Every structure is written in C-alpha cells, then in structure tokens.
Number of protein chains: 2
Amino acid sequence: MDTVAIRHLYHDTDKYQGQIVTVAGWVRTVRDSKTFGFIELNDGTFFKSVQIVFEDQLENFKEIAKLGVGAAIIVTGNMILTPGQKQPFEIKATEIVVEGSCPSEYPLQKKRHSFEFLRQIAHLRPRTNTFSAVFRVRSLAAYAIHKFFQERNFVYAHTPLITASDCEGAGEMFRVTTLDPKNPPLDENGEVNYKEDFFGKMANLTVSGQLSAETFAMAFRDVYTFGPTFRAEKSNTPRHAAEFWMIEPEIAFADLKDDMRLAEDMVKFVINYVLENAPEEMAFFNQFVDKGILERLQGVASADFGVVDYTEAVEILKTCGKEFEYPVYWGCDLQTEHERFLTEEHFKKPVFVINYPKEIKAFYMKLNEDGKTVAAMDLLVPGIGELVGGSQREENLDVLLERMAELGLKEEDYWWYLDLRRFGGTRHAGFGLGFERLIMYLTGMTNIRDVIPFPRTTGQADF
Amino acid sequence: MDTVAIRHLYHDTDKYQGQIVTVAGWVRTVRDSKTFGFIELNDGTFFKSVQIVFEDQLENFKEIAKLGVGAAIIVTGNMILTPGQKQPFEIKATEIVVEGSCPSEYPLQKKRHSFEFLRQIAHLRPRTNTFSAVFRVRSLAAYAIHKFFQERNFVYAHTPLITASDCEGAGEMFRVTTLDPKNPPLDENGEVNYKEDFFGKMANLTVSGQLSAETFAMAFRDVYTFGPTFRAEKSNTPRHAAEFWMIEPEIAFADLKDDMRLAEDMVKFVINYVLENAPEEMAFFNQFVDKGILERLQGVASADFGVVDYTEAVEILKTCGKEFEYPVYWGCDLQTEHERFLTEEHFKKPVFVINYPKEIKAFYMKLNEDGKTVAAMDLLVPGIGELVGGSQREENLDVLLERMAELGLKEEDYWWYLDLRRFGGTRHAGFGLGFERLIMYLTGMTNIRDVIPFPRTTGQADF
C-alpha cells in the first residue's frame, strides 16, 4: 500500500506540507460536533500522533464520527501547517476508509491503566504511549549494541541455548526434553535414562554464553554474543525473569583495563544512540515515568568513569558513617544499597569496583598476585547500582585447574574450555550486561515485566 | 594492550608502512633457516595473515624458531612494503613475546581436515580458514539484517522462546521443565500435574515468533523478530538442526505484494552487504567451497525477481518434459527439485511462487477469493530452492475462526491472537527466513552443522 509513515510527516514536514497524503493507523481519540470532527491518529512509526480533521462532506461522516478508539483507518487528505497550534500540522481528510473497526469492549479506552492491568493484555499494551516508548527504546538499544560492536569489527557469535553442560555450576536451570513426562525410560540403576532423550544426554537451557564466546575470542580476538539466557530461579521480584537477553563481549590479548574501557565506551554509545534516536520517547519517560532520567543519562554519557579497588570501597563504606541494612566487611558481596552509595553519594559518577575476593566470584576469573582477589570488575551507575559485571579470565591452565578442584568442578566437563588454555592461550577478558537491566536503566521502568514483550516468570508464560 | 589489528594494516597500509607496530595473534606456520625465519601470523581480525620476518639477533630466536602452530605471540617490528612479492608487506620483528605456547598435540596442524573431523573440535574450528570465513560472514549477515530493518524504522521485537502455546499446531516441540524427571507430581487423574511445574502449566520451546510479532505489528506497523527457534524433529539430515535462528518481519497495512517487495529488498541488501564487507572471505568460498557462488549471488542481487502463480507453476512443471522423482499435481507441495527447476532452468532468476492451495499451508494465511488458495509466497532462488516463505495473514475474524475449526485448533488457545482481528485489525503480511539457510546460501556450505557455532541435532549437544 502506498501510504506515508507519520514519522516522515514529522521529519520531512516541508516536503509534505500542502501535499495530498495517505496515512494509515489506529484511532487514539475521536471528537466530533455536528459538522466536523477531529481524530488523533497514531501509526506506530512515530511516538506522536497526527491530527485528522474531517467534515460532513465525507459521505461516511456519520460512521467516522462514531469510530471506536483503536479502529484502523486509512486517511487521504491535504497536509497543512497549523502555526500557533499545539500540533505543527494536520490533515484535512478528503477520504477516510475504515480498515478494521474496534468495539467498545476494547480494553484500551482513553484513560490511565495500571501497569499490572496492562501486563494481562501484553498483546495490546504496545499500543499505549508508555509501552510504545519502552519497546521502541528496546529496539533502538539492541541495534546500538550491534552497531557499537560491529563498527569495531567484533564478530557476533550465536552461542548455543540448549546445552549439556552447566557452564557456571549454577544449578537453577531448565531441563529441555522430549522424554515421556509421566513414564520416563529408566536405566539399569532405575534412574532416568537420558541416553534415550533427544540429545542422548541431559540437556538444559543456558545461563550464559560466555564460555562458548571465549572459544570464538581465541580465533577472532574480539567477539560478542547477544542472545537469550535462562534462570529457573523461583524469585518473584520486579528484577527477576526466567528468560532474558544478555550481551557478552569477549576480547583476547586484553586485560581488565581494556575490559573496563570497552564497557565504558559501550554504555556511553548506547545512551547517546537512544537519546539521539528517540528524543520524543525519552522526553516522555522524563516527564511521566522517572523525572530526572535525562539529566542522569546525560551525566553518565559525559562522565569519566572512576575506578576503585574493592578493598578500598569496603573501607569507604565502613567509615562513611551511614547505616546500611546489610553489614559491610572485607569478603562481603556488595548489596545495591552499598553500590548506590558509592556511585551516587561518594564518587557522584559511574565507578568500576575491581579486584573482588575470589570467594564471591566465579571460577574462571583471573587470580591476582595476592592470591586472594580476582581481576573482576563491576560497573556501578547512579540510580541502579550494578549495570555490568566482568573480569579478566584465568588463562593459566594450572591455576584454573586448581580453582576448579577447590570448587568441585569436574575437569572432563570442561575439556574444551581447558583446551583454550592448552593451545595458544592468551590474556583475555569480557563482561556481561543484562539487556533488560539496561532497558530499565534507560527508561526508568522499575519492573522487568514491563521491558520484555512477553515476560516469563514463576507461574507465568502466557501469550 | 596497545596493539594494532592486522585488519588495519591491510586497510590502512599507507598509514602504517615504515612504522614500528605491535601485533598480536596466533601462529599459522613457522619456517626457519639457521639465521632467520618467517611466521605467518593471523589475529582473527582479518581473513589474511601477516608475514613476520625474524632474525637471529632476537635473543629468543631459538624459542621462536621452534614455536608450534597455534601459539599466541606478540610481535613488535617495522612494517615494510614488499612490492613484487606475494604479500603486500611484512613486519621485521625486533621483539617477539610468546603469550601462550601450543604443543604438537594441537589438532589443527597445517594440513587439510575434513568438516566431519572439525565438528568434533567445534571449539577450535573457527581458527581454520573455512570456519573463520563462515562465522565472519554469519556475523556480517546478522548485522546486515538488523541494519536493513532498522534503517527502514522497523521495531525489533524479542518474542518469547519459552511458550505455553503451540503456535503452529506443529507438535515436535521441546518441553521446558523443572519437575522431578523421575517422579513427576501427578494430579487426581494420575496425569503429570503441570500446575506444579515452573510456569504453572506445560511449557515448550517456540517454533516461531510470528504470532507474537503480529501483536507488535498491530502497534508499530513494521516490526521484525530475529532470534532462536527450535524443532524437536528427529531428522538427521544436512539441513535440519534442533536449534536455529529465524528472521520474521511482519508489516501492517500491507498485502502480499508489499511482502514480496520487502523480501526481495532484504535478500539483495544482505547479499550486497556481505559482498562489500567480506570480499576476501567470499573469494575464498568461490575458490575452495562453491565455484561460481560469486556470480550466482551477484546475479540475484541485480535481478528483477519474477512472480508466478502456484497453479501456473504446476502447469510448467507438468509440461516441461523433465522427469521428477516426486510427481507434480495441483495440490502437491513443491519439492526442492521442482523449485530448482523453476528458478534455475525455467525462469533463470529468483522467482516468487504465490497463491498455494490452502491445504498445504498454515491456518493463519489469508484465504483468497477463490476459496481454494491462500495468499502465500515462497521465494525460490538458484542453487538452493526455497529461501523465504511468507504470506498475507487472515485478518477476517470469521474466516480465521472457520479455518481454525476445520483444523481442530482451539479458540481459547488463541484468544489473544484473535483479539488482533477484533480490535482494529488490518491487512498485514510477513515472512520467515531461516538464518542458517541464508548462511548456507551465502557461503556455499552444504551442511547446517557447519554454519552454526555449536550445532544441536539429534543426539548431539556437545560443547
């Protein structure tokens, strides 16, 4: 169909003014008097709607005047500038064709709806201002991530989702199976015989693409994954989902410093990209969802990120005079309250905390020379706390094996991962960024269920 | 680390010539005589390697001369042009630091390896020429897809992977569960009680994001998904994988013609992007994997795609005088042999076959006025047959309900999908492109296992 996107009317107003145009979209409101009326029409290509003016010369004037909110229509008319009015231009309709009507049961009538209510109609909520803005920002941020890495010549690796190895020894995984759910085949010991399952062994949904990404970094130097990951954690909180997307770059011939520089550049790039490409949406969030978010994001994009050693951070927290809910001591995992104090009140800018005690970090992180800490980094940002977590990886085979033995991880489960240290191993590093966390940070939305199109959480896999 | 990517040496040769540079990478070959030697060094940032010259003035000359294939090294030296030689320049090393050695057990010694063998070391195969080329092309093609849609203002929707509804009524799905595999809880009827499972009902891995994408198209007009999909089909063929990536755009206020135009533009865009951004890799495929692939792809990128009605295509096949393995009759599903005949021998260019019998197509495809065919399209391309499959969707609620009843699909399972026809429904269309199929098409690789980093197939989920 030859129609023009409302986005283009706004971006190329000069080109279209005075022209006959055809637009297609959905009715947000209709107001009418006896001889004329106004329709606010949104086509989803732009955050703002366009005003349609229609008069009783239209042969279907009465039908149009009674259109329900949500109806799909195609409008042809003259686009004229309306200086001094709220909207910069309007379309004087010469023809309006009803493409699809919308009865009054339509749940998105013109009024405020709670986010809880809108989750129950997740198939319709992208039609609201808030979710239109959220999901456009999500789309733009995803593209910004790809653009950032591709322009730096990183190779995008699709790491597998179904896996027969529990990468992080994390437990809490979903089983993937085609076995008879009621009467699974048993082996001679009376245990479930996974040899008869689809993959010939027990398979799960991955919790991270990192270990696979490392294999690619040892071939391409700079790589990234960006795909879904899963946690079967029964946490019913606003921050946990069972299915979410992760970005995990991995860089070879690189150390923790390179890793931090990459994370800083990436975060700034994504923020700037979204601010530039969704100014209307970001202004909406700033006005209605999280006042001050624009200033906060602009601050992060222009700040020099700080760096502080974990040991020093613990000292700062212990001596700052502030009461925390969770006690602070060397060896403790930092809680959100600690992280936010550091970035918001002490440093007043984004800050990397580095060199954490090895006990609270994963087996693959590089052991520092002190034998107590690992070359890990968490990026803390105002408003949220931890945004990115990463580390230099242990490239020394002996040290890695020792660490795995301490944690009871079996060598044979990691043979291919260990090969990376046997055959031309190098210093390398990487980090993980939870994509939903990033979107919450960019939009000010506070529930992970409201930044994923169709969220999957405990007890919830509708749509 | 401050090193320069070998890619930049090739792309900015003038800038670096005569300069002292530091490069880091992996040894492909070492040749040495008593007083000097050559190393072919590849760092994965570029398809080609760089030649390193080293002499016995290096204090670790003997160590370097004995370096194993695959070792990781960091080289500093003078980059000088070598006119008239095979390589355009080389680096005269003043220092070579061994970052990680590589023993002779390294399975990738300099010789030809079969693809079968390399699948068993999928963690190392990206270090070979073939797989370096395949996975760089895969990365570039993925980016090209995003670039194509984003530049047209499509919204990227992350549709869910875990789903409680079997979208296409296709069967063959993987169950996702956290129930006790051996003794699952049973309900009062003695059946597995999925109410106790993680999501409170039976959940599977999705076979398509289309139905979810349609909900977004009814808000944003133009959207696409690009994510993993799954089939639990026990087909052990070179074309089937249990986990693969799909691209599924969906466009509102659009019909089959718009859909075909979009598919044609997208295919051409991706081909051109890969040809422009991976000329070395594409030349390699043309020389060693699939002679003629460059010409074929260039042909597709510059062709006007044809269109033929299914009914006419069947006539062509019946009267062409060629013997086919599978019989041709009105109502039959076209096989690869038929598809390839049409595109390669009859039309001699890419061709859309449209308006298929409804019996061989999915329930959601728009019924044509003849009551017998649906507004479906398959794009056939030389060398492979079907590359894209799509359709206009049935937007008429009554017709859709009738079709679902014929096929025994339950209305209550699709309440939200049907809502899209109740509330401001519009003409809309979309298609699906199997990403691995596209990569096979772009590279000439003939086994799907060789275009996915870590393939998952029947009996196989290693790494």
Side-chain angles (χ1 to χ4, degrees), chain A residues 1 3 7 24 26 43-45 70-72 99-100 102 106 123 126-127 136 139 142-143 146 150 153 155-158 160-162 164 174-178 181-182 184 192 198-200 203 212 215-216 219-221 228 232 243 245 253-254 416 419 423-426 453-454 456 459 461 463, chain B residues 1 3 7 24 26 43-45 70-72 99-100 102 106 123 126-127 136 139 142-143 146 150 153 155-158 160-162 164 174-178 181-182 184 192 198-200 203 212 215-216 219-221 228 232 243 245 253-254 416 419 423-426 453-454 456 459 461 463:
Chain A
M1 284 179 57
T3 60
R7 177 178 208 84
W26 293 272
D43 74 351
T45 67
E99 171 86 359
C102 197
Y106 184 52
H123 61 309
R127 305 177 185 194
R136 192 185 314 280
S139 170
Y143 186 54
H146 284 298
Q150 294 273 344
N153 196 38
V155 168
Y156 178 25
H158 286 129
L161 277 76
I162 296 172
F174 289 105
R175 212 162 61 251
V176 174
T177 180
T178 55
K182 195 174 152 192
V192 173
F198 190 90
F199 296 106
S212 309
T215 69
F216 266 56
F220 291 109
R221 227 183 130 155
E243 177 181 321
W245 286 63
F253 295 105
W416 54 273
D419 267 3
F423 302 128
T426 78
F454 298 97
R456 272 74 183 98
F463 304 102
Chain B
M1 285 178 55
T3 60
R7 179 179 206 84
W26 292 272
D43 75 350
T45 67
E99 171 86 0
C102 197
Y106 184 51
H123 60 310
R127 305 177 186 194
R136 191 185 315 280
S139 170
Y143 186 55
H146 284 298
Q150 294 271 345
N153 196 38
V155 168
Y156 178 26
H158 286 129
L161 277 76
I162 296 172
F174 289 104
R175 211 162 62 250
V176 175
T177 180
T178 55
K182 195 175 150 191
V192 173
F198 190 92
F199 296 106
S212 309
T215 69
F216 266 56
F220 291 109
R221 228 182 132 155
E243 177 181 321
W245 286 63
F253 296 104
W416 54 273
D419 267 4
F423 303 128
T426 78
F454 298 97
R456 273 71 182 98
F463 303 102

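The chains referred to below are lettered A, B, ... by the order of the sequence lines, with proteins before strands, and numbering in each begins at 1. These figures come from a predicted structure and were not determined experimentally.
Separation of the B:Phe174 and A:Phe174 ring centroids does not fall under the 6.0 Å cut-off.
Only the side chain of A:Pro228 comes within contact range of chain B, judged by heavy atoms closer than 4.5 Å. Of the two parts of A:Ala203, neither the backbone nor the side chain holds a non-hydrogen atom closer than 4.5 Å to a non-hydrogen atom of chain B.
Ranked by non-hydrogen atom pairs under 4.5 Å with chain A, the options B:Trp245, B:Tyr156, B:Phe216 are led by B:Trp245. For chain A, the option among B:Gly100, B:Gly70, B:Pro160 with the highest count of heavy-atom pairs below 4.5 Å is B:Pro160. Contacts with chain B were tallied for A:Pro126, A:Ala254, A:Ala142; A:Pro126 has the most, counting heavy-atom pairs under 4.5 Å. Ranked by heavy-atom pairs under 4.5 Å with chain B, the first of A:Arg7, A:His123, A:Arg136 is A:His123. Of all the listed residues (A:Thr177, A:Thr45, A:Asp43, A:Val155), the one sharing the greatest number of non-hydrogen pairs under 4.5 Å with chain B is A:Thr177.
A donor-acceptor contact shorter than 3.5 Å links the side chain of A:Glu243 to the backbone of B:Leu161.
B:Arg221 places a side-chain heavy atom less than 4.5 Å from the side chain of A:Thr3. Residues A:Pro184 and B:Pro181 form no side-chain contact, since every pair of their non-hydrogen atoms from C-beta on lies 4.5 Å or further apart.
B:His158 and A:Pro453 make their closest contact through O-CG, 3.3 Å (heavy atoms, listed as atom of the first residue, atom of the second, distance). Here the closest non-hydrogen pair linking A:Gly424 and B:Ala72 is O-CB, 3.5 Å.
In this structure, B:Phe253 and A:Trp26 have tilted ring planes: the angle between them lies in the 30° to 60° band. Note on ring orientation: taking the six-membered ring where Trp is involved, the planes of A:Phe463 and B:Trp416 are perpendicular (angle over 60°, cut-offs 30° and 60°).
Taking OH of B:Tyr106 as the reference point, atom CG of A:Asp419 lies at 9.5 Å (rounded to 0.5 Å).
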